[in-house]
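Letters A, B, ... mirror the listed sequences (proteins, then strands); counts begin at 1. Remember, it's a predicted structure, so these values are computed and weren't measured experimentally.
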Amino acid sequence: MTAKLFSTTLAGAGLAFAMGTTMLATPAMAETLKMAWSQDATGLDPHKQTAFSSLRLLELLYEPLVRLDANLEVTPAIAASWEFNDDATQITFHLDPDARFQNGAAVTSADVKASFERILNEETGAAARANFASITGIDTPDAETVVFTMDGPNVPILSAMTSANASVVPAAEIEAGTIGTEAVGSGPFVLAEWVPNSKVTLTTNPDWAGGTVSYDGIDINVLPDETAILAALRSGQVDFALLNDPLIATLVPNEASLTLNKEPVLAYHVLQLNPARGAMAELGVRQAISCAVDRQEVLDTALLGEGRVTGPLTMPAYRTDPSALFCYERDVEKAKALMAETGYADGFSATVMAATGEPPTAAAEAQVLQSQLAEIGIDLTIEMMELNVYVDAWLKGDFDMAVALNGGRDDPYTMYNRYWTKAGNLQHVANYIDDELDSLMLEGRVETDLAKRKEIFAQFEQHLAEASPWVWLYTGYNYTAQQNYISGFAPNAMGSLFGLTSVSIDK
Amino acid sequence: MGYAIRRLLVFPVVMFGVSVFVFVAVRLVPGDAIIAMLGTESGLLTPDQRAALAAYFGLDQNWFVQFWRWFSHVLQGDFGTSTTYGKPVLEIILNSFPLTLELALLSMLIALAIGLPAGVFAATRKDKPADLILRIVAMIGQSTPGFVVGLLAIFVLSVGFGVLPEMGSFVPITEDPLRNLGQLILPALTLGTAFAAAVIRISRAAMLDILSEDYVRTARSKGLSDRKVIWRHALPNALIPVVTLSGVEFGYLLGGAVLIEQIFALPGLGRVVLDAIQQRDYALVQGSVLFVAFNFMVVNLLVDLAYSALDPRIRLDKG
């Protein structure tokens, strides 16, 4: 046994040495943050890219007028200050006079105007245009002032402007048609090299007006398999990593040299029902499904308990106690009674679709839901799909039920307008029209008083949970892992990596 | 020679067939480049926005127009531009191919260096303990998926020894051969040992057949040493099935070892094709598959030519 152990150790050590030579050959770069993520950006155009993986990179290169801090408060970015007029139909931004693009040019109101005109131009194909479609005019009284006029009161527009999709780019670059091929922003880092799906090299922008970064740059490696990311952290190849898979993230605390950061996110796991299909058209059936689902059990089984049960409103400022919502305590008897009342005492068959690996727990969630709904006679067939095939069916509303992880926003209107107003762009995905939801949404949009907005959206949430077009399950965490010599990272609920600007490397 | 020329003349026909097949297959999969780029947010696009993006991705024409536009450019050596990378397709393929070729060669080298002597050795020790052990090892090696071996290797090295091959930033062999070898040795071992198992089994079986042939008995009766009989007289004839198997495996490897490239973060051809499919980057999928098909045909041709070199009795011209 000892001899075998010795020979195994020797063989492993030999191989380790052979590979270790390559590590020794790498010049030490103490001031560079070595980072890894599993999904690379898919493009450099901040107005067109919507994937989380792209936004994580773009928010380090570009800046919007305002951004959200770790507490999801709107804070200055390119704009030093801003104010709404009395009826919230105009918002004026005063730009930071020190803001500079990475080519040395000052960021002016003309750049802001050109950027938003580009977003609003239908030929650009910017998905974020929907959030700014209410803008009817952009005035630039001087080089440091921009005034946006909207077609009606619109408080949530400030929240929409915090997105990397609302980044300000140089007017000259728009003119030259180089947005997306060159990355000239005003953010904390400059893109030195990008080899798609392989590596990204960023250098610190010394002229960044937002503050000082304490290290020289970031080398990001794309390691598609998160097991390999964990291994790279263990072996010290990587200082900081972004993790998507909760099952991998939960292994990090086992390593004494590593720290796991986890931050509750706004994105929510949900079982989407299609109220335009068969039995789901019946309110009683949808409510029965809501009552039959044990949300905590789904969370514990699929996500190892890494999250918390949620209602529709996931943002801290508007979140309410979910246990007060309709049927958040599992009640199978009530569910069976509701099924019987609507003529489905014997249950029915349906298909639930889920995307392979997106989120990584999708299949497990579908399986737990399948077994829970079987108790009230619903025979679910699980259909796993490649992500784009899933999205294609999702956008067409072509499903009975769907396990989904939908993105969250810091404002309820921006988050749900697309689904639950009659004019919402994704109303056909939700397939559910409700006058009360529509009017509450529109009330919330124009209300400027926070306390009153909270009341309006609490009513909205209660009604949505009761109508049960979807069954909200839980929110998870964003995970990042770092070596213990890294400090100062401030995660936020949007999953932003902007907190890397305050990181120190103390090896 | 005539055989090789005849085979080369068939290449364009096969390539055209592959082009049509890939072109249609990739478009039959639901979801297009717009969905791949914007995900669920693509539902927020207005009809005009969608039309502008469709024109950008070249999806605004019917399939026949799209195919002809692409194929007529291919005939002129232009494989189109990747919508994901914003670069010419051929440039992306040629950038990722050297890694794939190197990994394939290294894996084949490891597989043959382990598999061939082990197979011959097992054949000469038929039904003895050494043969039994090698057969069991080969069976385990063949039935263990490569990704399991790869993940296990990563786990053991990082947890047990705190060391790992440098991953992510691939260094070409021309820049730094030592670092390059360090990055490729573990994936090559993972691929190579799995294939070595197959080589052990096939070379053992072929060797056993040959060793029972009359001419081997004659050689032995003439007093030739075992070493000479095995290595000079028997092995060249036993190589034919090994060459066939290696040819097919090498052809596959030239198409990229997708799982191994994914696990070890190697930017080879396999990952290019996988990413291209996920991003619905049609030009890149079509170009890469065409390239892989061409390589496969070349390898097949070389394997056929190798037969007649190994055994002059095989006359390809009359085949």
Side-chain angles (χ1 to χ4, degrees), chain A residues 9 12-13 15-23 25-26 36 42-43 48-51 122-130 180-181 195-199 219-225 227-228 230-232 234-237 386-395 406-407 418 425-426 428-429, chain B residues 29-32 34-46 48-53 56 84-86 151 153-171 176 178-183 185-186 189 261-265 267 271-272 275 277-280:
Chain A
T9 309
L15 191 57
F17 174 76
M19 291 175 312
T21 54
T22 70
M23 294 173 67
T26 315
T42 52
K48 286 185 182 175
Q49 295 296 320
T50 56
E122 292 196 287
E123 284 182 17
T124 307
R129 180 185 182 278
T181 51
V195 183
N197 291 316
S198 179
K199 63 176 175 180
D219 285 344
I220 307 172
N221 276 335
V222 183
L223 304 181
D225 191 295
T227 318
L230 182 60
R234 280 172 172 148
S235 65
Q237 269 186 34
E386 187 258 0
L387 180 61
N388 292 324
V389 177
Y390 170 93
V391 173
D392 189 54
W394 188 90
L395 284 171
N406 293 340
R418 55 184 65 181
N425 313 59
L426 297 178
H428 63 283
V429 175
Chain B
V29 182
D32 56 22
I34 300 173
I35 286 179
M37 181 174 84
L38 299 175
T40 54
E41 299 288 303
S42 61
L44 304 181
L45 297 174
T46 62
D48 284 348
Q49 283 183 299
R50 178 163 280 281
L53 283 174
Y56 170 75
T84 317
Y85 296 79
L151 286 174
I154 288 177
F155 180 77
V156 169
L157 284 172
S158 68
V159 175
F161 300 94
V163 70
L164 203 66
E166 191 188 350
M167 294 199 290
S169 304
F170 181 71
V171 182
D176 189 338
L178 189 65
R179 272 180 75 187
N180 173 276
L181 189 67
Q183 289 179 323
I185 192 70
L186 203 53
L189 272 171
E261 287 176 13
Q262 190 83 349
I263 290 169
F264 291 97
R271 260 180 79 196
V272 166
D275 291 334
I277 292 171
Q278 284 173 343
Q279 291 301 318
R280 301 294 189 272

Determine yes or no for a side-chain-to-main-chain donor-acceptor pair under 3.5 angstrom, with N388(A) supplying the side chain and Q278(B) the backbone.
yes

For chain B, find which of E386(A), K199(A), Q49(A), E123(A) contributes the most heavy-atom pairs closer than 4.5 angstrom.
E386(A)

Is it the case that the side chain of R418(A) and the backbone of E41(B) share a donor-acceptor pair, with hydrogens and angles ignored and the cut-off at 3.5 Å?
no

Let's test your reading of the structure: which of L53(B), T40(B), I34(B), I263(B) forms the most heavy-atom pairs below 4.5 Å with chain A?
T40(B)

If you count heavy-atom pairs under 4.5 Å with chain B, which of V391(A), T181(A), N197(A), V195(A) comes out on top?
N197(A)

Checking heavy atoms, do the side chain of T124(A), its backbone, both or neither come under 4.5 Å from chain B?
backbone

Hey, does S235(A) have a side-chain heavy atom less than 4.5 Å from the side chain of L157(B)?
no

Test the K48(A)-Y56(B) pair against the cation-pi criterion, namely NZ or CZ under 6.0 angstrom from the six-membered ring centroid and within 45° of the ring axis.
yes

Please report the closest heavy-atom contact between A231(A) and I154(B), naming both atoms and the distance.
CB-CG2, 3.3 Å

Heavy atoms only, distances under 4.5 angstrom: which of I220(A), L387(A), D225(A) has the most pairs with chain B? Name it, please.
D225(A)

Could you look at L45(B) and say if it's the side chain, the backbone, both or neither that has a heavy atom under 4.5 Å from chain A?
side chain

Considering all heavy atoms of both residues, which atom of Q49(B) and which atom of A126(A) are nearest to each other, and what is their separation?
NE2-O, 2.8 Å

Leading residue by heavy atom contact count with chain A [cutoff under 4.5 Å; candidates A51(B), A265(B), A153(B)]:
A265(B)

Name the region of R271(B), side chain, backbone, both or neither, that has any atom closer than 4.5 Å to a heavy atom of chain A.
side chain

Against chain A, label D275(B) side chain, backbone, both or neither, depending on which of its atoms sit under 4.5 Å from a heavy atom there.
side chain

Taking the side chain as every heavy atom from C-beta outward, state whether T46(B) and N425(A) have any atom pair closer than 4.5 Å.
no

Interface check, chain B: of A228(A), G180(A), A393(A), A130(A), most non-hydrogen pairs under 4.5 Å belong to A228(A)

Under 4.5 Å from any heavy atom of chain B - which part of L223(A):
both

Just to verify, which of I35(B), D32(B), V29(B) counts as forming a side chain to side chain contact (heavy atoms under 4.5 Å, CB included) with D392(A)?
I35(B)

What's the shortest heavy-atom distance between G125(A) and L38(B), and which atoms?
O-CD1, 4.4 Å

Would you mind reporting whether L44(B) and R129(A) have side-chain heavy atoms less than 4.5 Å apart?
no

Which bit of L151(B) comes within less than 4.5 Å of chain A, counting heavy atoms only: side chain, backbone, both or neither?
side chain

Indicate yes or no: at least one non-hydrogen side-chain atom of T227(A) is less than 4.5 angstrom from one of F155(B).
no

